[in-house]
Number of protein chains: 2
Amino acid sequence: MAQFNDTSAEIPGTPCLICEHGGLAFCGPGPGDADEPSRLSAMLGQVNLIAHDSVFREGDPATHLYSISQGAVKLYKLLSDGRRQVTAFLFAGDFFGLALDGGYAYTAETMTPALLCRFPRRKLEALFAEVPRLERRLLGLAIDDLAAAHEQMLLLGRKTAREKVASFLVMLDRRAARRGHHGPAVALPMSRSDIADYLGLTIETVSRTLTQFRRDGLIGLPDLGHAVLREADRLRQIADGG
Amino acid sequence: MAQFNDTSAEIPGTPCLICEHGGLAFCGPGPGDADEPSRLSAMLGQVNLIAHDSVFREGDPATHLYSISQGAVKLYKLLSDGRRQVTAFLFAGDFFGLALDGGYAYTAETMTPALLCRFPRRKLEALFAEVPRLERRLLGLAIDDLAAAHEQMLLLGRKTAREKVASFLVMLDRRAARRGHHGPAVALPMSRSDIADYLGLTIETVSRTLTQFRRDGLIGLPDLGHAVLREADRLRQIADGG
DNA sequence: GGAGCCCGATGGCCCAGTTCAACGACACTT
DNA sequence: AAGTGTCGTTGAACTGGGCCATCGGGCTCC
């Protein structure tokens with residue numbers, strides 16, 4: 001559980017590493033607003049988690065907002081019989097935990113060892129009054145998430161297995177590039193089971209589809225944790241229903 | 001198209017009807033903030049649309065934020081070959097059109113004749129500085145939308161046809177109740193095709209499942225546009241995977 | 001008032017993707 | 001090095017829901 005690895009008590013106020021990640025995250029410094037990052041730094045705590053550790057669970061009181069400094073996190077929801085829907089894969093620079101008084105709407109779990117920055121929701125809300133830019137940025141990020149969620153609904157409701165897997169690979173590649181990872185291989189820190197639950201498929205179908213892409217020369221699979229997009233354009237075409 | 005029925009030029013500043021709808025919408029008056037509604041009223045325009053009229057299309061520049069005063073609206077996204085995913089059904093008191101500079105992420109279309117309140121995005125953003133409460137409320141609404149989107153992903157990715165249709169009926173009933181509609185019948189202003197595209201099914205499967213529910217005594221179908229939830233608890237149970 | 005049209009319901013067949021099962025590749029343990 | 005567990009892949013059979021076709025009711029328009 002998260003509590004076991006929670007080191008925020010030991011290192012309060014440590015500067016957030018993601019603030020150096022190209023301003024992707026909401027705690028990045030804004031132009032001409034030099035005061036703001038320090039104000040945020042003053043209230044953030046860091047959480048160091050091992051792989052496959054839960055950050056919070058669906059329904060937990062929403063006390064903090066999280067930002068990923070290092071590592072990868074997945075969000076998911078469960079049905080009573082154990083069926084699972086992974087709603088997002090998140091990486092360095094991404095944030096999560098935006099919720100109202102109803103509690104978190106999903107469970108958050110690390111996929112790799114992770115270093116998270118954590119902001120108390122109450123304190124953050126108090127800071128909104130002083131630094132309106134902050135809330136604006138948060139609203140912008142929520143709108144981005146919303147657009148991604150709509151895109152995922154289109155995928156889940158209307159795409160074929162082949163299109164789903166292609167969309168997944170293309171999405172990971174695009175986001176890795178945005179984080180500055182321009183290597184030939186895309187990291188797949190999640191299990192096949194996670195991928196299946198993200199795409200609304202079974203692990204068998206994910207595995208078969210990846211094998212098919214490999215046989216067709218569209219991708220390379222150097223090891224379980226990586227994929228090389230050899231024909232990225234063709235994959236993008238497949239992803240969009242071509 | 002929307003332009004044809006757009007009456008905002010004729011009746012600028014007309015008070016927004018949804019402000020009387022129990023404070024559900026973001027333009028509702030806040031406690032102890034009597035100044036705010038009038039500021040909003042001053043900048044809103046009304047749009048009167050016939051049924052099956054488009055409000056805006058995916059990719060259009062996001063110039064306005066909309067709030068539904070009367071009528072019902074659907075949001076959807078398309079694949080290049082025409083496959084469609086309806087991402088939301090909206091009713092009086094709901095808002096839509098939240099977007100960044102990338103343009104709207106979805107198309108919005110009326111399902112019935114509708115009266116919409118419309119706020120210019122630029123002016124709204126300027127008002128945020130003066131009335132911070134506004135932006136807070138908008139962020140809260142975006143978070144609500146996000147939670148609903150996650151719930152819909154769970155439905156699309158992991159629920160059976162039976163569970164999807166039950167979830168749909170229960171959701172409509174719950175939202176109708178929240179709007180004060182406590183009658184025995186739930187309104188279904190959308191076509192079977194819309195329902196299918198919302199649930200990631202075909203019209204045939206929706207039709208068959210509704211018929212099955214009717215035969216099992218779970219619902220009544222007095223006419224095409226209404227459903228009576230005779231066994232609401234059982235439907236809720238089915239919806240949650242029981 | 002009947003011809004055409006749209007929409008929903010229903011029946012029958014079919015297939016993409018699931019389910020079930022077996023197997024191989026590692027990693028960790030003893 | 002043998003034993004055990006986990007994870008991914010592959011094969012074979014099954015099925016939920018899609019696809020195609022038909023039909024019927026209500027609507028509009030001559």
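In this text, all values refer to a predicted model and were calculated from it rather than measured experimentally.
- Rounded to an integer number of Å, the gap from CG of B:D194 to P of C:dC6 is 16 Å.
- Straight-line distance from the NE2 atom of B:H226 to the P atom of C:dG8: 15 Å, rounded to whole Å.
- Two residues are said to be in side-chain contact when any heavy atoms from C-beta on lie closer than 4.5 Å; A:P189 and A:F89 fail this criterion.
- Here CG of A:L100 is found 4.5 Å from CD1 of B:I143. Values are rounded to the nearest 0.5 Å.
- Taking five base pairs at each end of the helix from C:dG1-D:dC30 to C:dT30-D:dA1 and finding the rotation axis that steps the C1' atoms of four pairs onto the next four gives two axes whose angle is 30°, to the nearest 10°.
- Classified by interplanar angle (parallel below 30°, tilted 30° to 60°, perpendicular above 60°), the ring pair B:F56/B:Y104 is parallel.
- In this structure, B:L221 atom CG and C:dA9 atom C1' are separated by 11 Å, rounded to whole Å.
- In this model, the phosphate group of C:dG8 is not approached by any side-chain N or O of B:S207 to a distance below 4.0 Å at OP1 or OP2.
- Atom CG of B:L224 and atom P of D:dG26 are 9 Å apart (whole Å).
- Separating the CD1 atom of A:I219 from the C1' atom of D:dT9 is a distance of 14 Å, rounded to the nearest angstrom.
- Neither side chain, A:T107 nor A:K77, offers a donor N or O lying under 3.5 Å from an acceptor on the other.
- Atom-to-atom, CG of A:L199 to P of C:dA16 comes out at 19 Å; the value is rounded to the nearest Å.
- In this structure, a donor-acceptor pair under 3.5 Å is absent between the side chains of B:R215 and B:Q212.
- Using a 4.0 Å heavy-atom criterion, one finds that B:L201 contacts the sugar-phosphate atoms exclusively.
- Near DNA chain C, meaning a heavy atom under 4.0 Å away, there are no residues from residues 155-167 of chain B.
- Among the protein residues, A:G225 comes within range of no part of the nucleic acid, since none of its heavy atoms lies under 4.0 Å from any strand.
- Using a 4.0 Å heavy-atom cutoff across all strands shown, A:L210 reaches no nucleic acid atom at all.
- The aromatic rings of B:F96 and B:Y66 sit parallel to each other, their planes meeting at less than 30°, with 60° as the upper class boundary.
- Note that CD1 of A:I195 is 6.0 Å distant from CE of A:M190, once rounded to the nearest 0.5 Å.
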*Begin with the C-alpha distance, continue with both residues' side-chain angles, and end with the deciding distance and a verdict on salt bridge (Lys or Arg N to Asp or Glu O under 4.0 Å) for A:E163 and B:R83.*
CA-CA 13 Å; A:E163 290 162 359; B:R83 276 175 290 172; 2.8 Å; yes
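- Taking atom CE of A:M190 as the reference point, atom P of D:dC7 lies 15 Å away to the nearest angstrom.
- Taking the six-membered ring for Trp and the full ring otherwise, A:Y106 and A:Y76 have centroids separated by 6.0 Å or more.
- Regarding A:R83, its CZ atom lies at a distance of 15 Å from the C1' atom of C:dT19, rounded to whole Å.
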*Should A:D60 and A:R57 be marked as a salt bridge (Lys or Arg N to Asp or Glu O under 4.0 Å) after you check the CA-CA gap, both sets of side-chain angles, and the distance that decides it?*
CA-CA 6 Å; A:D60 281 356; A:R57 294 184 185 282; 5.9 Å; no
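- The distance from atom CG of B:L116 to atom NE2 of B:H64, rounded to the nearest 0.5 Å, is 11.5 Å.
- Shortest non-hydrogen contact noted between A:M153 and B:A149 is CE-CB, 3.5 Å.
- Close to D:dT10, at under 4.0 Å from its OP1 or OP2, lies a side-chain N or O of A:T211.
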Kindly give the atom pairs (protein nitrogen or oxygen, nucleotide nitrogen or oxygen) under 3.5 Å for nucleotides 11-13 of chain D.
{"from": "D:dG11", "atom 1": "N7", "to": "A:R208", "atom 2": "NH1", "distance (Å)": "2.9"}
{"from": "D:dG11", "atom 1": "O6", "to": "A:R208", "atom 2": "NH2", "distance (Å)": "3.3"}
{"from": "D:dA12", "atom 1": "N6", "to": "A:R208", "atom 2": "NH2", "distance (Å)": "3.3"}

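- Remark: B:T205 is not in phosphate contact with D:dG16, judged by side-chain N or O atoms under 4.0 Å from OP1 or OP2.
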